[in-house]
Amino acid sequence: MQVESAERELRSLQSWLRSDPEARRSAVFELHGSVPQPGEMGTALDVLELVTGNGWSAASFVMAVVAWRQTQPQRPRVEIRRAGTVIVLTDCSEEEIERATRALEAAQADGAAE
C-alpha cells in the first residue's frame, strides 16, 4: 500500500536524520499523522516535523536528506516546508541542492528577523 510505504519512508528518514551527528545536534524530529478518512483505522503518518535550534545548518540538513534519499530504492520525492517556503527535492542535482539550501537559509533568516 502507498500509505504504508510513505510511512516507512518517513520513519526511515527520521531515523537517518537522528543518526546524523550534525542534524541530531541542532534539531528535533517528530512524526505527525493526519486524521483518518472514513473507513480507515488510526492515523496515517504523513509529516516529519523538524524543530531547529540555533546551530542548525540548512546545507547540512539538505545534504543529510539527499544522502538518505540516495539509499532508497524508489528515490522518493521530498517536500520541505519552512516559514512559508516549500522546496521539493526530486533529482537532487547540484543545482537543486544549491537552490534548496539557499531557499532554506533565506527562510531561516526571514524567520529570525520576525
Side-chain angles (χ1 to χ4, degrees):
M1 294 182 87
Q2 251 183 341
V3 171
E4 291 171 357
S5 176
E7 286 184 26
R8 270 194 309 276
E9 289 170 349
L10 281 174
R11 288 183 190 283
S12 172
L13 178 56
Q14 179 187 39
S15 176
W16 183 275
L17 292 170
R18 283 182 171 168
S19 70
D20 182 275
E22 182 74 26
R24 185 178 63 239
R25 185 172 39 251
S26 61
V28 175
F29 309 96
E30 298 177 2
L31 289 170
H32 295 280
S34 61
V35 177
Q37 299 297 314
E40 292 180 350
M41 294 177 54
T43 61
L45 296 174
D46 57 2
V47 174
L48 176 60
E49 182 178 12
L50 167 72
V51 180
T52 61
N54 291 337
W56 185 78
S57 163
S60 294
F61 172 72
V62 170
M63 293 311 296
V65 171
V66 168
W68 166 81
R69 190 176 171 278
Q70 291 172 340
T71 68
Q72 302 303 299
Q74 299 299 317
R75 305 261 166 109
R77 172 183 174 274
V78 176
E79 185 175 297
I80 304 166
R81 295 175 182 260
R82 182 172 177 121
T85 300
V86 179
I87 300 107
V88 178
L89 298 175
T90 56
D91 65 1
C92 292
S93 64
E94 286 185 39
E95 295 82 18
E96 188 175 69
I97 292 168
E98 191 174 311
R99 188 172 49 253
T101 301
R102 279 195 316 267
L104 286 172
E105 288 170 344
Q108 181 179 5
D110 290 347
E114 293 176 358

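Owing to the predicted nature of the structure, the values given are computational and were not obtained by experimental measurement.
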(message) To check you understand the geometry: which heavy-atom pair defines the closest contact between A64 and W16, and what is its length?
(response) O-NE1, 3.1 Å
(request) Give a yes or no on this: more than 12 heavy atoms of other residues, nucleotides or ligands lie within 6.0 Å of atom CD of Q74. (result) no
(message) To the closest 0.5 Å, what do you measure between OG (S57) and CD (E105)?
(response) 7.0 Å
(message) Within the structure provided, determine whether F61 and L17 are in side-chain contact (heavy-atom separation under 4.5 Å).
(response) yes
(request) Compare every heavy atom of E30 with every heavy atom of Q14, then report the nearest pair and how far apart it is. (result) NE2-CA, 4.1 Å
(message) To the nearest 0.5 Å, what is the distance between CD1 on I80 and CG on L104?
(response) 5.5 Å
(message) Taking P76's backbone N and O only, do any of them form a donor-acceptor pair with R69's side chain (distance below 3.5 Å, no angle check)?
(response) yes
(request) Starting at CZ of R75, measure out to CG of D91 and round the result to the nearest 0.5 Å. (result) 11.0 Å
(request) Measure from the side-chain N and O atoms of E96 to the backbone N and O of T90, and report whether any donor-acceptor pair falls under 3.5 Å. (result) yes
(message) Please report the interatomic distance CD(E9) to CZ(R11), rounded to the nearest 0.5 Å.
(response) 13.0 Å
(message) Is the shortest side-chain heavy-atom distance between W68 and D20 below 4.5 Å?
(response) no
(message) Is it the case that over 12 heavy atoms from other parts of the model lie below 6.0 angstrom from the CD atom of E94?
(response) no
(message) Looking at every heavy atom in both V88 and R77, which two are closest together, and how far apart are they?
(response) CG1-NE, 3.5 Å
(request) Report yes or no: does T101 contribute a side-chain atom to a donor-acceptor pair with the main-chain N or O of I97 at less than 3.5 Å? (result) yes
